[in-house]
Number of protein chains: 2
Amino acid sequence: MSQATATKGESLAPERLTVGVAARLSRYLQVLTQAKKQGRDSISSQEIGEYTHVNATQIRRDLSGFGKFGKRGVGYNIDFLILEIRKILRTSGQHNIALVGAGQLGQAIASSNIFGDHGFHISGVFDADPSKRGSAVGELAVQPMDDLTDAIREKNIIVGVLAVPPGSAQSAANALVDAGVKIVFSYSDALIDTPPDVTVHRSNPAEQLLYALYFYLS
Amino acid sequence: MSQATATKGESLAPERLTVGVAARLSRYLQVLTQAKKQGRDSISSQEIGEYTHVNATQIRRDLSGFGKFGKRGVGYNIDFLILEIRKILRTSGQHNIALVGAGQLGQAIASSNIFGDHGFHISGVFDADPSKRGSAVGELAVQPMDDLTDAIREKNIIVGVLAVPPGSAQSAANALVDAGVKIVFSYSDALIDTPPDVTVHRSNPAEQLLYALYFYLS
DNA sequence: TAGATTGTTAATCGATTAACAATC
DNA sequence: TAGATTGTTAATCGATTAACAATC
């Protein structure tokens, strides 16, 4: 019972979410966003569970810690629940991010909605290769790495995405960190060292397949 | 204590790993593979923890359930630990996978080592677009979707990777499922429905950034 | 020897699950 | 009303953490 004591009618929000709850809420949000795109109005905890691999009871428990968001016999209203989870995660607004790497991967990312759908706006694409300078990636023109620091400071960017080959991951990450970025997402699985105040997340398809395979083979 | 009773000197392997343990072991394996690539010989639980965001004590506990793999004062021998974890996960061999989608993303995936480094061999690239047929992607030639079923049966493929736009994700997944694939990894965040015996994993960069952002902002 | 890091214990906390009354 | 699904409880299990002896 580490939740703040709530007086009648008030929200029951705890001071700070645990890592598990925050991760799961983000996961529910992703499913809700996609279900909304498909034109759905409401969704049950059971169904969110099928898409997220989270137990349906766990989902209802996670949500009921913050309020009564559902309707018995019906499920959860998608628009409403998206707003509520965004409030809980305190990430309601748009967030500018910087993309480093304008190769095939960078171009694929910039022209997709995988970030845009979730409140992240790619506000600059950077590449160390001078021959790429100025070429179009999505709706943006590729900028040289020298522009990184100014762009990150001007647009208050704290998230950087790396779409560079493994051999360039560390140097590209260094450039982002020097410019003030605090959260790095890398599509390469090369290990990246950063100061303690910077967190690195890596794309991990093979890792997910490996453990899915274990359960398939068992 | 659900571990099998082990007689002296034998491995202590439990019947079946929990989801948590299997996922973490896969994660350690990824870090070990990368550290080996960097020419490292040994690594401490502390350091694996920094790269995986898993507590160092938890890592030692996970490993010590299967044997004494480390050396006190030194750490874990990387080559040895990779072999041991592969044995535990029973995924030591090579696994053929099918890649659907030969656009920028598919090409980026096929020409990278993100799967190859972890024992997954891309043995076929497929695309519904007839104009792409035969063009080179990595070291492979793009095949039409009609070839999918035969290829998957011949090469005993149980894993399919989707690198297609959100609007094509469901139909491409259907083709994979019809051909006999049991594990699907999708780079699109569109929701995909499959029969109960097929598991779907999705790439989720925005989700990870969202919850990283929560902890940065708190 | 001195320093480092494993292997292991014990105590706590969060996740998971089944079950079911409440209610839409 | 009948069917469905939430919100919530209670019981169990796994994860997390600090601490430290063992030992390389």
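Below, chain A is the first sequence line, B the second, and so on; all start at residue 1. Values reported hereafter were calculated over all heavy atoms of this structure, with side chains retained and with hydrogens, waters and symmetry mates removed. For clarity, every value in this text was computed on a predicted model and none was experimentally measured.
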Partner residues of A:Glu154 under the side-chain contact (heavy atoms from CB on, under 4.5 Å) criterion, sequence neighbours left out: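 Checked A:Glu154 against side-chain contact (heavy atoms from CB on, under 4.5 Å); matches are A:Asp150.
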With B:Gln30 via side-chain contact (heavy atoms from CB on, under 4.5 Å) - residues at least two apart: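 Only A:Asp189, A:Arg202, A:Asn204, A:Glu207, B:His118 meet the side-chain contact (heavy atoms from CB on, under 4.5 Å) criterion with B:Gln30.
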Short of 4.0 Å, heavy atom to strand atom, which residues of residues 46-59 of chain A count as contacting DNA chain C?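 Under 4.0 Å from DNA chain C: A:Asn55, A:Thr57, A:Gln58.
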Could you identify which residues of residues 22-34 of chain B place a heavy atom less than 4.0 Å from some atom of DNA chain C, listed by residue number, or say none?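 Of all residues in residues 22-34 of chain B, none places a heavy atom under 4.0 Å from DNA chain C.
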Ring pair (Phe, Tyr, Trp, His ring centres under 6.0 Å): pairs with one or both residues in residues 35-56 of chain B, sequence neighbours excluded: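 Every ring pair (Phe, Tyr, Trp, His ring centres under 6.0 Å) pair that includes a residue of residues 35-56 of chain B, provided the two are not neighbours, is A:His201-B:His53.
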Under the ring-ring contact (aromatic ring centres under 6.0 Å, His included) test, which residues partner B:Tyr216, sequence neighbours left out?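 By the ring-ring contact (aromatic ring centres under 6.0 Å, His included) rule, B:Tyr216 matches no residue at all.
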Partners of B:His95 by ring-ring contact (aromatic ring centres under 6.0 Å, His included), sequence neighbours excluded?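 Per chain and number, B:His95 pairs via ring-ring contact (aromatic ring centres under 6.0 Å, His included) with B:Phe120.
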Which atoms of nucleotides 20-22 of chain C (N or O only) lie under 3.5 Å from a protein N or O atom, and what are those distances?
| unit_1 | atom_1 | unit_2 | atom_2 | d |
| --- | --- | --- | --- | --- |
| C:dA22 | N3 | A:Arg72 | NH1 | 2.7 |

May I have all residue pairs that pass salt bridge (charged side-chain N to carboxylate O under 4.0 Å, His left out) and include part of [range], sequence neighbours excluded?
range                       : answer
residues 160-181 of chain A : none
residues 29-44 of chain A   : A:Lys36-A:Asp79, A:Lys37-A:Asp117, A:Arg40-A:Glu47
residues 64-78 of chain A   : none

Rounded to the nearest Å, what distance is computed from the OH atom of residue A:Tyr76 to the C1' atom of nucleotide D:dA4?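 Roughly 13 Å, once rounded to whole Å.
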More 5' along DNA chain C: A:Val19 or B:Arg61, using each one's nearest nucleotide?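 Closest to the 5' end, via its nearest nucleotide, is B:Arg61.
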Closest-nucleotide ordering on DNA chain C, the 5'-leading residue of A:Val21 and A:Gly73: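 Nearer the 5' end of the strand: A:Val21.
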Dot-bracket for DNA chain C, please. Rules: Watson-Crick or G-U, both distances under 3.5 Å, ( ) within the strand, [ ] when a pair crosses earlier ones, | for another strand, . otherwise. ..||||||||||||||||||||||
